[in-house]
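The structure under discussion appears below in the form of structure tokens.
Residue numbers start at 1 and run along the sequence shown. In this text, all values refer to a predicted model and were calculated from it rather than measured experimentally.
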Amino acid sequence: MTAITLYRHPKSGHCHRVELMMALLGLPYRTVDLDMANGAHKAPDFLRISPFGLVPAIDDDGFTLADSNAILVYLVGSHAPDAGWIPADPKDAAEVQRWLSIAADDIYAGPCAARLVKVFGTDHDHAAAVARAHRLLSVMEAHLAGRDWLAADRVTIADVAGYSYVAHAPEGGVDLSPYARVRAWIDRIESLPGFVGMARSPIPQLA
């Protein structure tokens, strides 16, 4: 099998969720770290792969795709369609889609945005991002009562999409200590065969 090329930033949670998915599926892949500070993601060659100039993007034997959640759907559908990562049951499948939407909205605007401020120095409203992260984590904590995974009775791409920024929320100053079920969910993902972590960053004062 030809190795999949992952174009990434090594500290991007969006990129990490794709790398994590490939690792959990046991797919061969190689990473290409883009020098985004110097505009490598806006170069014409990369824009042919990712027209909006965003990472992650993949090249799977000539098929190119950007957007992390779309890539998760593609990887499972093309390489492990019967493994349960996207449930066949329509209710569970809808739950997966709901959590993919949460990953693109509340997770992005909460723990991701808070981390962007502390790790990359962006101008997001840090206090608002931390507050939104805690609202999200409170919902997740309640949702995980009596269940191990976000969308079904087994791990799905919803868990992969949610993991990276939630697990690394302390790097954005978000305290995970009040959320025992969320921390147990993080531990379950990190115990999966094939798990690979994301590069760590310093942890600032937590709130």
Side-chain angles (χ1 to χ4, degrees), residues 8-21 24 52 54-57 66-76 85-86 92-120 122-145 147-152 155-190 192 195-201 203-204 206-207:
R8 67 168 193 173
H9 187 289
K11 290 193 174 184
S12 161
H14 287 78
C15 296
H16 177 256
R17 67 178 61 146
V18 172
E19 182 172 5
L20 176 57
M21 189 78 259
L24 294 175
F52 290 100
L54 299 174
V55 292
D67 182 86
S68 60
N69 287 343
I71 294 170
L72 298 186
V73 172
Y74 165 74
L75 290 172
V76 168
W85 290 97
I86 300 177
D92 289 345
E95 279 293 302
V96 167
Q97 182 57 59
R98 184 168 76 95
W99 282 99
L100 292 182
S101 296
I102 290 169
D105 184 11
D106 294 274
I107 290 177
Y108 175 78
C112 172
R115 183 173 173 274
L116 285 171
V117 174
K118 294 299 184 179
V119 175
F120 296 102
T122 66
D123 60 359
H124 292 80
D125 184 332
H126 185 256
V130 170
R132 187 153 181 181
H134 281 296
R135 288 196 297 272
L136 163 74
L137 290 164
S138 295
V139 170
M140 291 182 69
E141 183 75 5
H143 178 72
L144 287 166
R147 60 185 302 145
D148 289 339
W149 308 106
L150 292 178
V155 64
T156 69
I157 64 170
D159 301 288
V160 176
Y163 166 80
S164 304
Y165 287 119
V166 172
H168 287 255
E171 295 172 7
V174 178
D175 187 4
L176 291 179
S177 63
Y179 309 105
R181 296 186 191 112
V182 172
R183 289 184 282 109
W185 168 78
I186 290 169
D187 289 343
R188 282 190 288 276
I189 293 173
E190 293 177 352
L192 292 171
F195 173 84
V196 294
M198 181 168 68
R200 296 282 176 180
S201 295
I203 297 177
L206 300 176

(request) State which residues pass side chain to side chain contact (heavy atoms under 4.5 Å, CB included) with I86; sequence neighbours excluded, sorted by chain then number. (result) V73, V76, I157

(request) Identify the heavy atoms of A199 and K11 that sit nearest to each other, and give their distance. (result) CB-CG, 4.1 Å

(request) Taking all heavy atoms of V18 and all of L72, pick out the closest pair and write down the distance. (result) CA-CD2, 4.1 Å

(request) Using the test salt bridge (charged side-chain N to carboxylate O under 4.0 Å, His left out), find all partners of R188 that sit at least two apart in sequence or belong to another chain. (result) D148

(request) Please list, chain by chain and in numerical order, all residues satisfying side chain to side chain contact (heavy atoms under 4.5 Å, CB included) with L54, sequence neighbours excluded. (result) S50, F52

(request) Could you tell me whether the side chain of V160 reaches within less than 4.5 Å of the side chain of W85, counting heavy atoms only? (result) yes

(request) Can you sort out the partners of R17 under salt bridge (charged side-chain N to carboxylate O under 4.0 Å, His left out), two or more places apart, ordered by chain and number? (result) none

(request) Under the salt bridge (charged side-chain N to carboxylate O under 4.0 Å, His left out) rule, collect the residues that match up with R98, sequence neighbours excluded. (result) E95

(request) Please collect all salt bridge (charged side-chain N to carboxylate O under 4.0 Å, His left out) contacts where either partner lies in residues 167-179, sequence neighbours excluded, each pair once. (result) R115-E171

(message) Quick check: closest heavy atoms across A109 and A113, and the distance to 0.1 Å?
(response) O-CB, 3.5 Å

(request) Please collect all side-chain hydrogen bond (donor to acceptor under 3.5 Å, both in side chains) contacts where either partner lies in residues 133-145, sequence neighbours excluded, each pair once. (result) H134-Y179

(message) Return the NE2 to CZ distance between H16 and R8, rounded to the nearest 0.5 Å.
(response) 9.0 Å

(request) For Y74, check ring pair (Phe, Tyr, Trp, His ring centres under 6.0 Å) against everything at least two apart and list the hits. (result) F63

(message) How long is the straight-line distance from CD1 of I189 back to CG of L150, given to the nearest 0.5 Å?
(response) 7.0 Å

(request) Compare every heavy atom of A161 with every heavy atom of N69, then report the nearest pair and how far apart it is. (result) OD1-CB, 3.7 Å

(request) Check step by step if side-chain contact (heavy atoms from CB on, under 4.5 Å) holds for I102 and L136. (result) CA-CA 9 Å; I102 290 169; L136 163 74; 3.9 Å; yes

(request) Measure the spacing between NZ of K118 and OG of S201 and express it to the nearest 0.5 Å. (result) 13.0 Å

(request) To the nearest 0.5 Å, tell me how far I186 CD1 sits from R183 CZ. (result) 8.5 Å

(message) In terms of relative ring orientation, are Y108 and H124 parallel, tilted or perpendicular, with 30° and 60° separating the classes?
(response) perpendicular

(request) List in chain and number order the residues that pass side chain to side chain donor-acceptor pair (under 3.5 Å) with H9, two or more places apart in sequence or in another chain; answer none if no residue qualifies. (result) none

(request) Please list, chain by chain and in numerical order, all residues satisfying side chain to side chain contact (heavy atoms under 4.5 Å, CB included) with Q97, sequence neighbours excluded. (result) L100, S101

(message) With heavy-atom distances below 4.5 Å as the criterion, would you say the side chains of H14 and C112 are in contact?
(response) yes

(message) Atom CG of residue position D123 - does it have more than 12 heavy atoms of other residues, nucleotides or ligands inside 6.0 Å?
(response) no

(request) With sequence neighbours excluded, tell me which residues meet salt bridge (charged side-chain N to carboxylate O under 4.0 Å, His left out) with R132. (result) D105, D106

(request) Taking side chain to side chain contact (heavy atoms under 4.5 Å, CB included) as the test, write out the residues that go with A114, two or more places apart. (result) H126, A129, V130, V174

(message) I need the I107 CD1 to Y163 OH distance, nearest 0.5 Å.
(response) 12.5 Å

(request) Find the distance between CG (D159) and OG1 (T156) and round it off to the nearest 0.5 Å. (result) 4.5 Å

(request) Indicate the atoms forming the closest heavy-atom contact of L206 with P170, along with that distance. (result) CD2-O, 3.4 Å

(message) For a quick test of reading the model, state the closest non-hydrogen atom pair linking P204 to G172 and the distance between them.
(response) CG-C, 4.3 Å

